[in-house]
Every structure is written in structure tokens, then in C-alpha cells.
Amino acid sequence: MLRLDPFLLGLICTIFLATVLPCHGAAVPVFQWLAIIVIAVMFFLQGARLSRKAVVDGVMAWRLHLIILACTFLLFPLLGLAAHALAPGLLQNDVWMGVLFLCCLPSTVQSSIAFTSIGGGNVPAAVCAATASNIAGIFITPFLVGLVLSKHGGSSGNVLNIVFQLLLPFLLGQLLQPWIGGWAHRNKKLLSLTDRGSILIVVYTAFSEAVMQGLWHRLPLSQLGLIALVDFLLLVCVLLITAYGSRMAGVPLRDEIAIVFCGSKKTLASGVPMANVLFPASSVGLIVLPLMIYHQIQLFVCAVLARKFARMTQESAERLPAAGEPQKE
């Protein structure tokens with residue numbers, strides 16, 4: 001049975017809280033600095049948890065990873081730009097910027113691996129590919145966002161903000177990984193809760209600013225439906241291209257499953273903090289809306305798709321003994 005992601009439910013509650021009780025006055029700079037601190041801590045812990053072996057493995061299986069990286073950082077932005085060119089007036093400008101920002105983000109880690117496992121795909125490849133995507137995203141996403149938005153009248157954050165709030169904490173965590181990596185892995189569940197708590201703080205700060213700027217007066221309900229439609233069509237296009245493209249290229253089924261799930265995901269966990277760094281505070285609330293909606297859509301659609309892949313891999317495995325029977329003595 002499909003159910004609402006608990007984390008997304010927390011985000012919805014946070015948005016509701018920001019709507020009825022936004023931070024204002026003297027509380028605003030406090031929450032802004034708190035958001036900066038928790039983002040830095042989050043990326044530091046990501047670096048601390050990532051083993052050197054994962055980095056090396058992510059580089060070694062280069063062919064599969066290049067396909068997934070091309071889907072994540074090339075196919076998605078091209079589809080986003082094409083959608084914007086075809087229907088520029090369909091969504092508000094800041095919302096379109098959010099869709100284009102979504103297209104520039106790296107893949108998820110946990111859900112990509114989980115769905116690959118459920119579908120019977122190449123789990124080790126999914127682990128390495130999703131990890132490689134997240135590492136590359138720290139460098140590639142800010143560059144892509146600047147490139148894409150400069151072509152469409154948007155603006156991204158100061159490069160120094162990206163370096164100090166994202167890159168340096170990550171590199172520091174990776175530098176200290178041999179000493180604190182074991183502690184980070186032993187406390188993975190606790191750190192996962194702190195990561196999600198950090199994102200909720202960032203979302204509350206961003207949406208408080210947006211509400212004070214008149215977010216819900218500027219965004220009619222019909223826009224939410226249109227955002228969901230654009231997100232859904234974007235996901236379907238990527239799923240079709242990755243699935244049929246893999247088959248045309250003669251990729252084995254297990255690798256195809258990894259490509260489909262790793263190549264179609266977009267990370268909410270890293271995306272929200274990145275948006276807070278890359279965009280003006282007054283725009284962040286609208287810009288992360290397409291990402292939050294896409295997050296839930298990808299979970300629903302990929303849950304169904306994983307079950308279909310599981311049946312395919314099971315049928316494929318059942319045919320193997322039959323194919324080998326004539327060779328038995």
C-alpha cells in the first residue's frame with residue numbers, strides 16, 4: 001500500500017506552522033543564522049559518513065556512473081529547459097526557477113538504493129552511483145543553476161556562500177572521516193534525524209519569509225496542480241528514456257534497474273539546503289515547492305515500478321534453469 005512519506009508529512013506540518021505562525025521581527029536573523037549553521041553541520045556530517053572506499057568505488061565503475069550522471073545532470077536540465085521553452089507562461093517565474101533548480105540537483109541515496117534492491121537490480125552499482133551523484137552534485141549543481149538561471153532571468157547565490165556553507169564543511173568532514181567516520185556510522189539513525197531536523201528548520205525559515213512576502217496570495221491553488229503535472233510528466237519522460245535507452249544499449253536488466261532508479265531521483269535532503277544558499281530568502285519558499293511535490297511523486301511512481309521490476313527479475317531468474325537444462329548430463 002502506498003502511503004505518505006513521514007518526512008514529507010513533517011514538511012507539510014512545517015509549512016503549515018510557517019503559514020499560521022511565521023517568524024518575524026527579531027526572530028528572523030536568529031533563524032537565518034540557525035539555518036546557515038545547520039546546513040554547514042549537515043554537509044560536514046555527510047562528508048564524515050562517506051568512506052574513502054565509497055569514493056574510490058564511485059570512480060571505478062565509470063561506464064554505469066557516466067550514464068547515471070548524464071541522466072541526472074544533462075538529461076534533466078535539457079528536459080526542464082524544453083518544458084520552460086514550450087510553456088513559459090504555465091507557471092509563475094519563481095516556480096519555473098524551482099523546476100529548473102530541481103533538474104540541476106543530484107540523485108537521492110537512500111531511496112535509489114532501496115528501490116533498486118526491491119526491484120532486484122544491481123545494488124552495489126546503485127550505492128556507488130548514488131554516492132557519486134551526491135559528491136558530484138556539490139560541485140556541479142551550483143554551476144548548473146548559475147548557467148541555467150542566467151539564461152532565464154534568474155539569479156543564484158554568491159559563490160563564496162556555496163564554498164563556505166556547502167563545500168568546505170563537506171571537505172572538512174571527509175578529511176576527519178578516518179577518525180569520526182566510525183562514530184557517524186554507529187549513530188546513523190540519530191544523525192538521520194538531525195539531518196531531517198535541519199531541513200525542517202531551513203524550510204520553516206524559508207517559508208516564513210515567503211509568507212511574510214505574501215506567498216499564498218501570489219500562488220493560487222491551480223498552480224499547485226500544474227506544478228504536480230509538470231513534475232509528473234518530467235519524471236515519466238526520464239523513466240521512459242532511461243528504461244528504453246538502457247534496453248537499446250543492451251544493458252543487463254540488473255544494471256537497467258539501477259540506471260532507472262538512480263537516474264530519475266532528485267534529492268530533497270540536499271536540495272532544500274542548497275536552495276537556501278543559492279537563492280534570495282524571499283524566493284526560496286516558492287523555489288522548493290516543485291522539489292517537495294516531485295519528492296512525493298517519485299516515491300509513489302517508483303514504488304509501483306519497483307514491484308514491476310521485481311516480477312521481471314523473478315521471471316528472468318526462473319527461466320535460467322530451463323535454459324540450462326539441455327546442458328545437464
Side-chain angles (χ1 to χ4, degrees), residues 3-49 94-95 98 101-102 105-106 108-111 114 134 137-138 141 157 161 165-166 169-170 173 184 187-213 215-216 219 224 227 231 265-300:
R3 60 187 181 88
L4 191 66
D5 178 35
F7 181 43
L8 189 68
L9 184 61
L11 287 170
I12 292 171
C13 293
T14 302
I15 293 172
F16 177 77
L17 178 63
T19 300
V20 299
L21 195 64
C23 67
H24 60 279
V28 173
V30 174
F31 274 91
Q32 288 176 344
W33 275 106
L34 182 60
I36 291 171
I37 293 169
V38 296
I39 289 170
V41 170
M42 179 179 169
F43 275 84
F44 170 78
L45 292 174
Q46 284 187 5
R49 278 175 286 190
D94 279 349
V95 177
F101 169 66
L102 179 160
L105 287 170
T108 62
V109 177
Q110 290 90 344
S111 61
N134 270 255
I138 296 174
T141 295
N161 289 340
Q165 295 183 46
L166 304 183
F170 177 83
N187 296 275
K188 188 180 296 185
K189 289 185 177 180
L190 176 62
L191 295 181
S192 176
L193 290 175
T194 60
D195 282 352
R196 295 187 173 201
S198 300
I199 295 167
L200 294 180
I201 291 172
V202 174
V203 168
Y204 176 73
T205 305
F207 271 88
S208 290
E209 174 72 22
V211 168
M212 297 302 290
Q213 296 283 337
L215 168 66
W216 302 121
L219 188 74
L224 292 176
I227 293 170
D231 282 351
K265 297 288 180 304
K266 289 296 179 178
T267 175
L268 179 67
S270 296
V272 172
M274 282 186 180
N276 197 68
V277 175
L278 291 169
F279 298 101
S282 59
S283 303
V284 172
L286 275 176
I287 286 173
V288 299
L289 264 180
L291 174 59
M292 293 171 63
I293 294 172
Y294 185 89
H295 172 78
Q296 187 61 37
I297 292 174
Q298 73 181 6
L299 292 179
F300 282 163

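Going from atom CD1 of Ile201 over to atom CG of Asn276 covers 11.5 Å, rounded to the nearest 0.5 Å. With rounding to the nearest 0.5 Å, the separation of CD1 in Ile297 from CE in Met292 is 12.5 Å. Considering CG of Leu21 and OG of Ser208, their distance stands at 8.0 Å, rounded to 0.5 Å. Here OG1 of Thr19 is found 10.0 Å from OH of Tyr204. Values are rounded to the nearest 0.5 Å.
Among the candidates Leu34, Ile36, Val41, the single residue satisfying the side chain to side chain contact (heavy atoms under 4.5 Å, CB included) test with Val38 is Leu34.
Contact of the Ile15 side chain with the Val203 side chain is registered, since non-hydrogen atoms from C-beta on lie closer than 4.5 Å. Between Phe207 and Leu17 the shortest side-chain heavy-atom distance does not fall below 4.5 Å.
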Query raised in the report: Between Val95 and Leu289, is a side-chain contact (heavy atoms from CB on, under 4.5 Å) present by the stated rule, with each step listed?
Result: CA-CA 7 Å; Val95 177; Leu289 264 180; 5.9 Å; no
Report task. Test side-chain contact (heavy atoms from CB on, under 4.5 Å) on Gln298 and Asp231 and set out the steps. Result -> CA-CA 9 Å; Gln298 73 181 6; Asp231 282 351; over 6 Å; no
Requested in this report: Walk me through it: do Phe279 and Val288 pass the test side-chain contact (heavy atoms from CB on, under 4.5 Å)?
Outcome: CA-CA 10 Å; Phe279 298 101; Val288 299; over 6 Å; no
Report task. Check the pair Val272, Val284 against side-chain contact (heavy atoms from CB on, under 4.5 Å), reporting the backbone distance first and the verdict last. Result -> CA-CA 9 Å; Val272 172; Val284 172; over 6 Å; no
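Taking all atoms of both residues into account, the shortest heavy-atom contact from Thr205 to Ala35 is OG1-CB, 4.3 Å. Counting all heavy atoms, side chain and backbone alike, Gly98 lies closest to Pro290 at C-CG, 3.9 Å. The minimum heavy-atom distance between Met212 and Pro22, with the atom names listed, is SD-CG, 3.8 Å. Between Cys23 and Val28, the shortest heavy-atom contact is O-CG2, 3.7 Å. Contact detail for Pro106 and Thr141: the closest heavy-atom pair is CD-OG1, 3.3 Å.
In this structure a side-chain-to-backbone donor-acceptor pair under 3.5 Å is missing from Tyr294 to Lys265. Judged purely by atom type and a 3.5 angstrom limit, Lys266 uses its side chain to pair as donor or acceptor with the backbone of Leu105. Side chain of Thr14 to backbone of Gly10: a donor-acceptor contact under 3.5 angstrom is found. Between the side chain of Thr108 and the main chain of Thr267, no donor-acceptor pair closer than 3.5 Å is present.
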